[in-house]
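Here's the structure we're looking at; comments come further down.
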Amino acid sequence: MESKDLLKLNIQTALKKLGIDLDVSAISVDDSKNPEHGDFASNIALKLARNAGKTPLDFAKELNEALDKSEIERVEIAGPGFINFFMKKDSLTSVVGKIIDEKDNYGRGEKKNLKVNVEFVSANPTGDLHVGHARGAAIGDSISRIMEFDGYDVTREYYINDAGNQIDHLGESIRERIKEALGLPFALPDDGYHGVDVINIANQIKDELGDKLPAFLDDPDSFEFFKTRGMELELEKIRKDLKEYRITFDIYSSERKIRSGNAVEKEIDYLSKYIYKDEGALVLKTTEFLDDKDRVIVKSNGEYTYFMPDIVYHVNKLSRGYDKLIDVLGADHHGYINRMKSALMMHGYSSDVLDIELIQMVRMMKDGAEFKLSKRTGNGYTLRELCEDVGVDAARYFFVMRAATGHLDFDLDLAVKQSSDNPVYYAQYAHARLCSILNSASDIKVDKACSHAGEASEFALIKELAKFPDVIKVASKERAPYKITNYIHDVAEKVHGFYTECRVIDRDNKEVTASRLAICLASKIVLKNALSLLGVSAPEHM
RNA sequence: GCGCUUGUAGCUCAGCUGGACAGAGCAUCUCCCUCCUAAGGAGAGGGUCGGACGUUCGAAUCGUCUCAAGCGCGCCA
């Protein structure tokens, strides 16, 4: 157990001696920001003094006397009643050996036996993924990785809206492009897809059909074929782009399949007591739960609104046994949250069975101005181009670097810079430096007890490493990958400070060398673990 | 009009289940490589935490009001 947690238990026991029973979770112990305030600080006396009928200072003094001092060097009571703890060195350095022993598993949360489904990207297979998808993709995948590491059983799912009329437009566009290629008269639909990628796909399908053309165009099944084949090819491209981006999905769900077998009708039946008719349309009484307005589910012309099959889809996901659904959506969907939650509540689920993570817009910035367009196609800047331009590491790191709820300016110039200005390089460089030291001293056995730590920069780094498990818990709970990038920065900063202050390899002083090598190894492990949660590589050389 | 999100240093953002002088990066200025990667480090300047009032021993953090920006409020998806 980490020294901070031990300290909490220590305080808990001391409080008991004073006749106060408190859960450990109610005892706050913080890492001191200022070294003068010791290693850890607690405001517990300020919180409890009033109820105990004492002044915070007196309360702190009494508490201090009840503490077990075996791990504590000394205690200072400061300010209005803060208790500052100066820990014994061994108590702080023990985490180094722990990290080295646990390696890739350092920071991993306990197995929770909870199944979580994270749905993200879910772009219609009608064209290339563009940068608008890229942030949601990076955040969705990082949330998945973080929660997996925290001990959840995570499924990554992609929902294909293949039943709507966008797919019809795709089919039409392909058919007309094939006609064009065959020299026949053609007419692109106004709401069709006009990009070069559709032309490429049309050409590919044309080649596949070969001699069957142009006769096949008159076949009544041809349109259905263009639709499904076009979609398959689009999806193939998307999968490939995502794989390059280090994202793979466990499940691709098709709207058509979800809808099959009267699933929608059955759902309407199930919800019947919350449904009423209004001017020929069926309306769901979502206001009975969280919504501020009832929602149409079947239009007066008999068609479903988008919402209806989506309810079926979410119910379907839950029927597969997930304890929690997470949807990663664009921020413009915020009106959708309470409506979907309400529908699920009609099924008896709690409102928090579904979490919707809203992702704010990204502005790509280049030379101080917004950069929107692909240089190749004249359409939107694609994910593939972005990866080619700045690399997957920088792309993924930048996209998760800020809280999802806030707008993000993606500085393309900074992302390609090979210098410390670039936060990705700053972190990766720290890792590479550590590897370089470890390689140069591979013949020296590391001292896992880290028994010769003495410099301030060594302790600053060790304390930072000890925070990792807590950072994971918070990032997982808040679904906040940016907490990991912040942490990575802090670790990298301390690594660089340590590197500068402490010469590691000293052939004349094997003890100190072995102790410092342990710090290097532990730091390397933590950096690598943290980077991997974001899908960012930890290079050995740069 | 209603709802959601945002407003913190010149710029981009942390900090927000209330706590000790408000932090980081970039940009600006000073220093530091005979030595494991200077893709680094040390230091300086720079802030009425949008505004007002309230709760509290204590508010960037909580509450109310207000100003500003973005986005939603379809029988669109």
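Lettering follows sequence order; numbering is per chain, from 1.
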Query raised in the report: Distance between the P atoms of B/A68 and B/G51, in whole angstroms?
Result: 15 Å
Query raised in the report: Do the rings of A/Tyr336 and A/Tyr306 sit parallel, tilted or perpendicular, given the 30° and 60° boundaries?
Result: tilted
Report task. Examine the base of B/C75 for any acceptor or donor lying under 3.5 Å from a partner atom in the side chain of A/Thr305, and report the outcome as yes or no. Result -> no
Requested in this report: Under 4.0 Å between any heavy atoms, over every strand shown, what does A/Tyr482 touch: base, sugar-phosphate, or nothing? Just pick one.
Outcome: sugar-phosphate
Requested in this report: Look at all strands and tell whether A/Arg507 reaches a base, only sugar-phosphate, or nothing, counting heavy atoms closer than 4.0 Å.
Outcome: nothing
Query raised in the report: A/Arg402 has a side chain; which of B/U12, B/G41, B/A39 sits nearest to it?
Result: B/U12
Requested in this report: Check every strand shown and say whether A/His333 touches a base, only sugar-phosphate, or nothing at a heavy-atom separation below 4.0 Å.
Outcome: base
Requested in this report: Using the test ring-ring contact (aromatic ring centres under 6.0 Å, His included), find all partners of A/Phe410 that sit at least two apart in sequence or belong to another chain.
Outcome: A/Phe398, A/Phe399
Query raised in the report: Rounding to the closest angstrom, what is the interatomic distance between B/U6 and B/U30 at atom C1'?
Result: 38 Å
Pairs under 3.5 angstrom, nitrogen or oxygen only, protein versus nucleotides 4-11 of chain B, please.
{"residue": "B/U5", "atom": "O2'", "partner": "A/Thr405", "partner atom": "O", "Å": "3.2"}

Report task. Provide the distance between the two P atoms, one in B/A38 and one in B/G72, to the nearest whole Å. Result -> 50 Å
Query - Out of B/C16, B/A24, B/C75, whichever nucleotide has its closest atom nearest the side chain of A/Ala281 - result: B/C75
Query raised in the report: Does A/Arg295 make a cation-pi contact with A/Phe307 (under 6.0 Å, within 45 degrees of the axis)?
Result: no
Dump every N/O contact between nucleotides 32-36 of chain B and the protein below 3.5 Å, one line per pair.
{"residue": "B/C35", "atom": "O2'", "partner": "A/Arg503", "partner atom": "NH1", "Å": "2.0"}
{"residue": "B/C35", "atom": "O2'", "partner": "A/Arg503", "partner atom": "NH2", "Å": "3.2"}
{"residue": "B/C36", "atom": "O4'", "partner": "A/Arg503", "partner atom": "NH1", "Å": "3.4"}
{"residue": "B/C36", "atom": "O4'", "partner": "A/Arg503", "partner atom": "NH2", "Å": "3.3"}
{"residue": "B/C36", "atom": "O2'", "partner": "A/Ser440", "partner atom": "OG", "Å": "3.3"}
{"residue": "B/C36", "atom": "O2", "partner": "A/Ile505", "partner atom": "N", "Å": "3.1"}
{"residue": "B/C36", "atom": "N3", "partner": "A/Val504", "partner atom": "N", "Å": "3.0"}
{"residue": "B/C36", "atom": "N4", "partner": "A/Tyr499", "partner atom": "O", "Å": "2.8"}
{"residue": "B/C36", "atom": "N4", "partner": "A/Cys502", "partner atom": "O", "Å": "2.9"}

Short N/O separations, protein against nucleotides 20-22 of chain B, under 3.5 angstrom:
{"residue": "B/A20", "atom": "OP2", "partner": "A/Lys33", "partner atom": "NZ", "Å": "3.4"}
{"residue": "B/A20", "atom": "N6", "partner": "A/Asn84", "partner atom": "OD1", "Å": "2.6"}
{"residue": "B/A20", "atom": "N1", "partner": "A/Asn84", "partner atom": "OD1", "Å": "3.0"}
{"residue": "B/A20", "atom": "N1", "partner": "A/Asn84", "partner atom": "ND2", "Å": "3.0"}
{"residue": "B/C21", "atom": "N4", "partner": "A/Asn34", "partner atom": "ND2", "Å": "3.1"}

Query raised in the report: What does A/Asn486 touch in the nucleic acid at a heavy-atom separation under 4.0 angstrom: a base, only the sugar-phosphate, or nothing?
Result: sugar-phosphate
Report task. Keeping to residues at least two apart or across chains, list the ring-ring contact (aromatic ring centres under 6.0 Å, His included) pairs with something in residues 35-60 of chain A. Result -> none
Query raised in the report: Which is true for A/Asp278 with a 4.0 Å heavy-atom rule: it touches a base, it touches only sugar-phosphate, or it touches nothing?
Result: base
Query raised in the report: Would you call the rings of A/His133 and A/His130 parallel, tilted or perpendicular, where under 30° means parallel and over 60° means perpendicular?
Result: tilted
Query raised in the report: Is any side-chain heavy atom of A/Leu22 closer than 4.5 Å to a side-chain heavy atom of A/Leu48?
Result: yes
Query raised in the report: Measuring from A/Lys463:NZ to A/Lys467:NZ, what's the distance to the nearest 0.5 Å?
Result: 8.5 Å
Report task. Please state whether the rings of A/Phe468 and A/Tyr487 are parallel, tilted or perpendicular, taking 30° and 60° as the class boundaries. Result -> parallel
What N/O pairs connect the protein and nucleotides 60-62 of chain B at under 3.5 Å? Give each pair on its own line.
none

Report task. Could you check whether A/Glu279 gets within reach of a base, just the sugar-phosphate, or nothing at all, counting any heavy atom under 4.0 Å? Result -> base
Requested in this report: Would you classify A/Glu255 as touching base, sugar-phosphate or nothing, given that sugar-phosphate means primed atoms plus P, OP1 and OP2, and contacts are heavy atoms under 4.0 Å?
Outcome: nothing
Requested in this report: Please measure how far the C1' atom in B/G23 lies from the corresponding atom in B/A14, and state the result in whole Å.
Outcome: 7 Å
